[in-house]
Amino acid sequence: MTTTIHVNELESLLIAIIVLFLGYFINSKVKILRKYNIPEPIVGGLVVAFIITFFHFQGFDISFKLSMQDSLMQMFFATVGLAASYKLLMKGGSRVFLFLGIATVFIIIQDAVGVGMSKALGLDPLLGLIVGSITLSGGHGTGAAWSQTFATDYGLNTLELSMAAATFGLIMGGIIGGPIAQRLINKHNLKSDFGESGNHHIEHPDLITYSDREEDRITSKNTIEVLFILLVCVAGASHFKDFIDSLGISALRIPEFVYALFIGVFITNVCEGTKCYKINKETVDALGTISLSLFLAMALMSLHLWELMDLAMPMLIILAVQTVVLGLFTYFVTFRVMGSNYDAAIIAGGHCGFGMGATPTAVMNMGSLVSRNGPSPQAFMVVPIVGAFFIDITNLLVLQGYISFLGH
């Protein structure tokens, strides 16, 4: 018999902060974690997740109340939108579509690996899509949605497999991104255009770094103003999604945080174009870093690691190969095609995040890298826009193509 321990909302938030503190402490003591830029939420979150897993096998399940989690994620993506001024969009907007092309090619390869290995191991090739782009590039939400389709249309019960594969990808995407990008930076002696150290905000007032080591000169007034804008983005995203759904095009399944991002883009460019209000970018930077850190801590501390034990050995083999394929692709293809420079290395680290996990994991990887090596505003524009919106559309098209090819 299992006893469930319910943790209320305030205590859940406290534990999320403890997860971050734990990650900071462990990283400060373990040199190899710092060397390879393993993000603190990954470190602290996995420790807490292992503790919760231990209690699970002792007959105690711990249930967190994390109603703030989605709002924190939307707040972060709103800050990404607020950072995307028309000057930055004009300077690097074309790279969004270049990176989308790279990510789409990788999805095709990812599904080919999943389907091919499933056939080689004597499994239903449709299962190869589950341990392919459905859960790895798609994440938990896409995995759950497709599991319903597989159960209804093909008689395959894949929900548990989907959740386990997505959990595996979330963890591995956060682990391999930092080492791969840091290796590229060190090997090619790459430097940020804004310098590695120093107070970047003094020299570049409009720069948003997403570095937890940056000194942000903010005031209570600035904080309230920017918090108001972020909440407008979050609340507006909910209403805008409802409006789009009411038009009958909800099949696109565009998540709310994408709307929050584009509302942020609209607000920042209206403010810059009309000069009616100057958004304090240092405050945006600080609130964005805080909301992302707390969101990821909540996501990782609530992982059900015991679900990974439901993965049969053939599935673990496929997922291990997928991890290696992604690492090689980002190292040799993503980095080179995106320009073989510092921004390309940070983008490669981000690609590891959403190629195996989710867009917040990608941003977490990049945040850890820029905290050590210097800002990369181009990476923080390109990766979230592709990972949060465009890749879901191309993923859907690729999956439909594979299903048709497999004769289903």
Taking every heavy atom of Pro360 against every heavy atom of Met73, the minimum-distance pair comes out as CG-SD, 3.9 Å
On a heavy-atom basis, the closest approach of Lys35 and Arg372 is O-NH1, 2.5 Å
If I take atom CG from residue Asp343 and atom CG from residue Leu190, how far apart are they, to the nearest 0.5 angstrom?
9.5 Å
Compare all side-chain heavy atoms of Ile171 with those of Ile42 and state whether any distance is below 4.5 angstrom.
no
Indicate yes or no for a side-chain donor-acceptor contact from Ser302 to the backbone of Ala299 under 3.5 Å, with no hydrogens or angles considered.
yes
Between the CD1 atom in Ile130 and the OG1 atom in Thr142, the distance rounded to the nearest 0.5 Å is 10.5 Å
Which donor-acceptor pairs under 3.5 Å do the side chains of residues 50-60 make with protein atoms, sequence neighbours left out?
residue	atom	partner	partner atom	Å
Thr53	OG1	Ala49	O	2.8
His56	ND1	Asp61	OD1	2.5

Do Leu369 and Gln182 make a side-chain contact, defined as non-hydrogen atoms from C-beta onward lying under 4.5 Å apart?
yes
Flag side-chain contact, heavy atom, 4.5 Å: Ile108 against Tyr402
yes
Passing candidate, side chain to side chain contact (heavy atoms under 4.5 Å, CB included) with Thr330, options Val325, Ile180, Leu184:
Ile180
Taking atom CG of Leu20 and atom CZ of Phe25, what is their separation to the nearest 0.5 Å?
15.0 Å
Does the pair Ile17 and Leu294 meet the rule for a side chain to side chain contact (heavy atoms under 4.5 Å, CB included), with working shown?
CA-CA 7 Å; Ile17 296 173; Leu294 287 174; 3.8 Å; yes
Side chain of Ser192, backbone of Asn373: donor and acceptor closer than 3.5 Å?
no
Can you label the angle between the Phe21 ring and the Tyr24 ring as parallel, tilted or perpendicular, going by 30° and 60°?
tilted
Student check: side-chain heavy atoms of Thr167 and His304 closer than 4.5 Å:
no
Do any N or O atoms from the side chain of Asn395 and from the backbone of Ser133 form a donor-acceptor pair under 3.5 angstrom?
yes
Euclidean distance, Ser291 OG relative to Leu296 CG, rounded to 0.5 Å
9.5 Å
Side-chain donor or acceptor of Tyr342 paired with backbone N/O of Gly374 under 3.5 Å:
yes
Closest heavy-atom pair, Gln322 versus Gln110, reported as atoms and distance to 0.1 Å, is NE2-O, 2.8 Å
On a heavy-atom basis, the closest approach of Asn269 and Val265 is ND2-O, 2.7 Å
Using 30° and 60° as the class boundaries, would you call the ring planes of Phe240 and Phe243 parallel, tilted or perpendicular?
tilted
For a 4.5 angstrom cut-off between non-hydrogen side-chain atoms, does Gln69 reach Phe64?
no
Where do Val363 and Phe380 land on the side chain to side chain contact (heavy atoms under 4.5 Å, CB included) test, with the steps shown first?
CA-CA 7 Å; Val363 178; Phe380 278 91; 3.7 Å; yes
Taking the side chain as everything from C-beta on, heavy atoms only, tell me whether Ile267 gets closer than 4.5 Å to Ile279.
yes
Test item: Thr135 side-chain N/O and Ser162 main-chain N/O as donor-acceptor pair under 3.5 Å:
no
Which residue pairs pass the side-chain hydrogen bond (donor to acceptor under 3.5 Å, both in side chains) test when at least one of the two sits in residues 345-365, sequence neighbours left out?
Thr334-His351
Check the pair Met315 / Phe168 against side chain to side chain contact (heavy atoms under 4.5 Å, CB included), numbers first and verdict last.
CA-CA 11 Å; Met315 294 300 174; Phe168 179 95; over 6 Å; no
Under 4.5 Å between any side-chain heavy atoms of Phe354 and Val386, yes or no?
yes
Tell me, with the steps shown, if Ile385 and Phe97 meet side chain to side chain contact (heavy atoms under 4.5 Å, CB included).
CA-CA 10 Å; Ile385 290 177; Phe97 298 99; over 6 Å; no
Minimal heavy-atom distance between Ser12 and Lys65, with the atoms involved, is OG-N, 3.1 Å
Mind checking salt bridge (charged side-chain N to carboxylate O under 4.0 Å, His left out) for Glu11 and listing every partner two or more places apart, or none if nothing turns up?
none
Short question: side chain of Ser118, backbone of Gly128 - any donor-acceptor pair under 3.5 Å?
yes
Taking Gly367's backbone N and O only, do any of them form a donor-acceptor pair with Ser371's side chain (distance below 3.5 Å, no angle check)?
yes
Heavy-atom distance under 4.5 Å between the side chains of Ile229 and Tyr277, does that happen here?
yes
Is a side-chain donor or acceptor of Asp111 paired with a backbone partner of Leu399 at a separation under 3.5 angstrom?
no
Closest non-hydrogen atom pair between Leu127 and Thr158, with its separation
CD2-CG2, 3.8 Å
Which value, rounded to the nearest 0.5 Å, describes the distance between Phe106 atom CZ and Leu136 atom CG?
8.0 Å
Got a second to check how far Ile107's CD1 is from Ile134's CD1, nearest 0.5 Å?
11.0 Å
Report yes or no: does Ser238 contribute a side-chain atom to a donor-acceptor pair with the main-chain N or O of Val234 at less than 3.5 Å?
no
